[in-house]
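Notes follow once the structure below has been shown.
Numbered from 1 within each chain, the chains take letters A, B, ... in sequence-line order.
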Protein chains: 2
Amino acid sequence: MPQTSRTNSKKERRQENEALILSAAEKVFAEAGFGGATMQLIADVAGLPKANLHYYFPTKESLYRQVVQNIFQIWLQAADTFDQAEGPAEGIGAYIDAKMEISRRHPAGSKVWASEVMHRAPVIQDYLETTLMEWTDGRAAIVQRWIEEGRMAPVNPHHLLYMLWATTQHYADFGHQIETLNGGAPLSDAQWEEAKKSVKDIILRGIGVIK
Amino acid sequence: MPQTSRTNSKKERRQENEALILSAAEKVFAEAGFGGATMQLIADVAGLPKANLHYYFPTKESLYRQVVQNIFQIWLQAADTFDQAEGPAEGIGAYIDAKMEISRRHPAGSKVWASEVMHRAPVIQDYLETTLMEWTDGRAAIVQRWIEEGRMAPVNPHHLLYMLWATTQHYADFGHQIETLNGGAPLSDAQWEEAKKSVKDIILRGIGVIK
DNA sequence: GTTGAACTTGACCATACGGTCAGGAATGAT
DNA sequence: ATCATTCCTGACCGTATGGTCAAGTTCAAC
């Protein structure tokens, strides 16, 4: 069967197909976990024959690895908001906003990441030990400096970071639970704003930078 | 092959075996997810032939269902600390302590629960809609009352509850990440105390009941 | 001691899965 | 127009999995 679209070159179609497969894989891995996901289902979601998936990604594991690495990139980009900030209120507030936005826009990716870490990070353990550790220590140092400058309450920087991750990621990973408790409906725009505001209010007040 | 232990009656051994299987299943489901777990591996961990598992639990799903329900019971028990409290500082503080203790003592169970919810709760959706919803609304009402009595800052009760769940559960679900960032070592007793203290400090200050 | 119910288990089965491959179709360079 | 390369896919394969079963063993009641 010839390709439906004629306007694209081969190179473009390769990129399109890879993106299509990665997107489908993200959804399926998020909903079923690595073990529960099947190449056949990913193929169906992507609208491609299974054998075609294996042309672009030789194994299920290589496909999964790519999905996880993509999430990690998004995850790291949210860090920029932290660095560019002048002080704790702005930096941590913007970081919460950014991570809440990721939870809202990439819930599947967040779940894949959570699943990967929960299962002892078989694929990205090296990232945890290098990139993530450096990132964390760097941010902890910034927080520590803010504390020493008297710009926020003295809290353990690492546990503060864990709280930021936990709280924001919760809206993606446990989105189904939240939706159920919300009467079965996804959070509305206003409710998302309320969520962001609540998280920021409690944490920023908790570290003594507002009120 | 005859049973090794001769001191137990049949009824006792039934209970023992069921507990043995459930414990093994909890570990394996936590580490591999429902789809990735195999009855053979659970059997190996339990030290029983696979066919014997199917005698006690007819299907993989029924075994999984039992594991999830057990977790949910533990989860609900932590609620008592909330109810018996006289005010927000005591109630929420004790609830955080209780849930942190669950994360520490039952990390596998917490992961199974998280995994179940992340995958849209195929098994315990009815619990979410009934028991959990009632529990949540009841606790939210208590928080609301505390707010109206001027005993804590006006925050959205639901988002406060989500934050409590997220923050405490994070220490179980993302325990591997925390361990890695801790230099590869599990949190020591002192570090667990520090974690509890950090969470309580930030949240209790965040809702205006301390400092 | 006999008997029936509860328990145990090695061997087995059907299915579904990840992955392969041969052969054809489309594409781009010359 | 030719040809090498890339892309596509139905059919296929070996394996591992959830689950079954029949034949046995243990145990408690009488």
task: Would you mind checking if Lys196(B) and Glu193(B) are paired as a salt bridge, meaning a charged N to carboxylate O distance below 4.0 Å?
output: yes

field: Check: Lys50(A) side chain, dG19(C) base, donor-acceptor under 3.5 Å
entry: yes

side-chain hydrogen bond (donor to acceptor under 3.5 Å, both in side chains) between His170(A) and Gln169(B), intermediate numbers included: CA-CA 10 Å; His170(A) 185 79; Gln169(B) 185 126 15; over 6 Å; no

- request: Calculate the interatomic distance between Met39(A) atom CE and dT15(D) atom P; express it in whole Å.
  value: 20 Å

query: How is Ala43(A) classified with respect to the nucleic acid when contacts are heavy atoms under 4.0 Å: base, sugar-phosphate, or nothing?
result: nothing

task: Could you tell me the separation between the NZ atom of Lys60(A) and the P atom of dC17(C), rounded to a whole number of Å?
output: 9 Å

task: State whether Arg13(A) places a side-chain N or O below 4.0 Å from either non-bridging phosphate oxygen (OP1 or OP2) of dC7(D).
output: no

statement: From CG of Leu41(A) across to P of dG18(C) the rounded distance in Å is 10 Å

message: How many whole angstroms separate atom CD1 of Ile21(A) from atom P of dC7(D)?
response: 12 Å

message: Could you tell me how far apart Glu16(B) (CD) and dC7(C) (P) are, to the nearest whole angstrom?
response: 13 Å

message: Looking at every heavy atom in both Lys200(B) and Ile96(B), which two are closest together, and how far apart are they?
response: CG-CG2, 3.7 Å

task: Whole angstrom is fine here: how far is it from NE2 in His54(B) over to P in dA6(C)?
output: 20 Å

query: What orientation do Tyr162(B) and Trp165(B) show, parallel under 30°, tilted 30 to 60°, or perpendicular over 60°?
result: tilted

task: For Gly35(A) and for Ala51(B), locate the closest nucleotide of DNA chain C by heavy-atom distance; then report the residue assigned to the nucleotide nearer the 5' terminus.
output: Ala51(B)

Residue Tyr55(A), side-chain atoms from C-beta onward, closest of dG19(D), dT9(C), dC8(D): dC8(D)

- prompt: Using a cut-off of less than 4.0 Å, is there contact between a side-chain N or O of Arg14(A) and OP1 or OP2 of dT6(D)?
  reply: no

statement: When rounded to whole Å, the CD1 to P distance for the pair Ile42(B) and dG18(D) reads 8 Å

- prompt: When we call it a touch if two heavy atoms are under 4.0 Å apart, what does Tyr56(B) touch: a base, just sugar-phosphate, or nothing?
  reply: sugar-phosphate

- prompt: From the list dG18(C), dT9(D), dG10(C), which nucleotide is the closest neighbour of the side chain of Asn52(A)?
  reply: dT9(D)

- prompt: If you pin Pro49(A) and Gln40(B) to their nearest nucleotides in DNA chain D, which one's is more 5'?
  reply: Pro49(A)

field: Parallel, tilted or perpendicular, as decided by the 30° and 60° cut-offs, for the rings of His159(B) and Tyr171(A)
entry: tilted

Nearest-Å distance for atom pair CG/P, residues Asp44(A) and dC17(C): 10 Å

- prompt: Would one find a side-chain N or O of Asn17(B) under 4.0 angstrom from OP1 or OP2 of dT8(C)?
  reply: yes

